[in-house]
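See structure below.
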Amino acid sequence: GIKCMACPDYESADREAYREHCSTKWHQYNTNERMMGRQTLTEEQYLAKFAPPPAEEVKAEDSPAEAEAEAEAVSVCVVFRHKEEKWSHLFKVPKGTTVMDLKKSMVKPTSPSNDALLFSLKRGMIRPSHFDTIDSDETFDFYFVGLEEGRTLLERDERRQREEQAYR
């Protein structure tokens with residue numbers, strides 16, 4: 001099984017179950033708490049703290065526009081590893097978002113613009129181009145590469161992009 005580093009006592013049977021777990025509000029809450037250095041909650045503690053309101057208080061269905069926007073969004077699970085620890089964070093991005101735009105959305109808006117170059121995202125052992133689009137739910141592994149390596153990877157992708165466009 002796959003243990004979740006953010007959620008105490010959670011272990012999934014396989015990668016698909018773990019991916020579904022990553023999209024739960026419980027996991028997202030624990031991931032944020034963990035990043036802030038605060039205590040995480042077991043599923044029972046989470047449900048006790050955030051139990052849904054009685055049925056008559058549940059809000060009306062999402063508007064058609066909200067439902068359409070949700071349908072056009074994809075879930076990207078990014079897995080982080082540091083020393084012996086492993087955790088993940090789920091990002092919701094519009095379908096067709098580039099890998100570079102995903103990376104930019106992962107850094108704080110107040111961070112220097114080149115912070116998105118400090119790390120690389122990989123699918124297994126394969127690093128997608130910064131210009132590849134994300135058209136369905138994905139899982140990426142996060143790798144810190146540093147600014148020099150990050151710039152080299154971006155320049156390589158830009159060169160390949162120009163070459164591909166020249167052949168079209």
Side-chain angles (χ1 to χ4, degrees), residues 1-47 49-50 69-158 160:
I2 301 169
K3 284 188 185 212
C4 178
M5 295 304 292
C7 301
D9 306 333
Y10 179 81
E11 189 170 340
S12 65
D14 56 41
R15 196 174 169 104
E16 190 55 40
Y18 181 71
R19 189 185 182 111
E20 283 178 31
H21 165 72
C22 286
S23 67
T24 65
K25 295 219 181 300
W26 170 43
H27 175 79
Q28 292 166 10
Y29 172 84
N30 275 341
T31 299
N32 288 333
E33 291 300 286
R34 189 158 185 255
M35 285 194 291
M36 297 301 179
R38 296 190 288 251
Q39 187 66 44
T40 57
L41 303 177
T42 64
E43 190 169 21
E44 293 74 28
Q45 292 167 325
Y46 176 82
L47 292 172
K49 185 171 182 172
F50 298 104
E70 182 66 24
E72 289 301 307
V74 293
S75 298
V76 179
C77 183
V78 178
V79 180
F80 300 86
R81 288 178 182 81
H82 182 70
K83 297 183 179 163
E84 298 299 310
E85 293 190 61
K86 180 179 172 183
W87 67 99
S88 63
H89 188 78
L90 196 74
F91 296 88
K92 285 273 191 189
V93 297
K95 191 180 212 172
T97 295
T98 65
V99 171
M100 183 54 132
D101 286 337
L102 168 65
K103 289 173 63 175
K104 287 177 181 173
S105 77
M106 291 171 64
V107 297
K108 290 182 182 152
T110 54
S111 296
S113 60
N114 58 12
D115 273 9
L117 298 178
L118 293 173
F119 61 94
S120 182
L121 298 174
K122 292 185 179 179
R123 280 185 207 104
M125 295 307 295
I126 313 233
R127 184 189 66 84
S129 164
H130 284 88
F131 304 105
D132 284 2
T133 57
I134 302 167
D135 300 309
S136 60
D137 293 349
E138 291 269 11
T139 299
F140 290 108
D141 290 307
F142 175 99
Y143 290 91
F144 180 82
V145 295
L147 192 53
E148 194 174 326
E149 173 75 4
R151 279 198 178 115
T152 301
L153 294 171
L154 178 61
E155 287 164 5
R156 182 183 306 158
D157 291 347
E158 287 170 339
R160 284 186 185 148

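Side chains included, hydrogens not; waters and symmetry mates left out as well; all remaining heavy atoms used.
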| Is Lys122 positioned over the aromatic face of Tyr143, cation under 6.0 angstrom from the ring centre and no more than 45 degrees off axis? | yes
| Does any N or O in the side chain of Asn114 come within less than 3.5 Å of the main-chain N or O of Leu117, such that one atom is a donor and the other an acceptor? | no
| said: Does the plane of the ring in Tyr10 sit parallel, tilted or perpendicular to the ring in Trp26? Use 30° and 60° as the thresholds. | reply: perpendicular
| Thr152 side chain vs Glu148 backbone, donor-acceptor pair below 3.5 Å | yes
| message | Strictly distance-based, threshold 3.5 Å: is any side-chain N or O of Lys92 a donor or acceptor partner for the main-chain N or O of Val74? | response | no
| field | Flag if over 12 foreign heavy atoms under 6.0 Å of CZ, Arg81 | value | yes
| said: I need the Asn30 CG to Gln28 CD distance, nearest 0.5 Å. | reply: 10.5 Å
| message | Rounded at 0.5 Å granularity, tell me how far CG in Asp137 sits from OG in Ser75. | response | 4.5 Å
| Side-chain donor-acceptor contact under 3.5 Å, His27 with Thr31 | yes
| Geometric class of the His21/Tyr18 ring pair [parallel <30°, tilted 30-60°, perpendicular >60°] | tilted
| Partners passing side chain to side chain donor-acceptor pair (under 3.5 Å) against Asp135 (at least two apart in sequence or in another chain) | Thr133
| Does Glu138 offer a backbone N or O that forms a donor-acceptor pair with the side chain of Arg19 under 3.5 Å? | yes
| query | Counting N and O atoms only, with roles assigned by atom type, does the side chain of Asp157 sit under 3.5 Å from a partner on the main chain of His130, one being a donor and the other an acceptor? | reply | yes
| field | Contact check, side chains of Tyr46 and Lys25, non-hydrogen atoms, under 4.5 Å | value | yes
| Is there a side-chain contact between Leu118 and Val145, using heavy atoms and a 4.5 Å cut-off? | no
| field | Side-chain touch His89/Trp87, heavy atoms, less than 4.5 angstrom | value | no
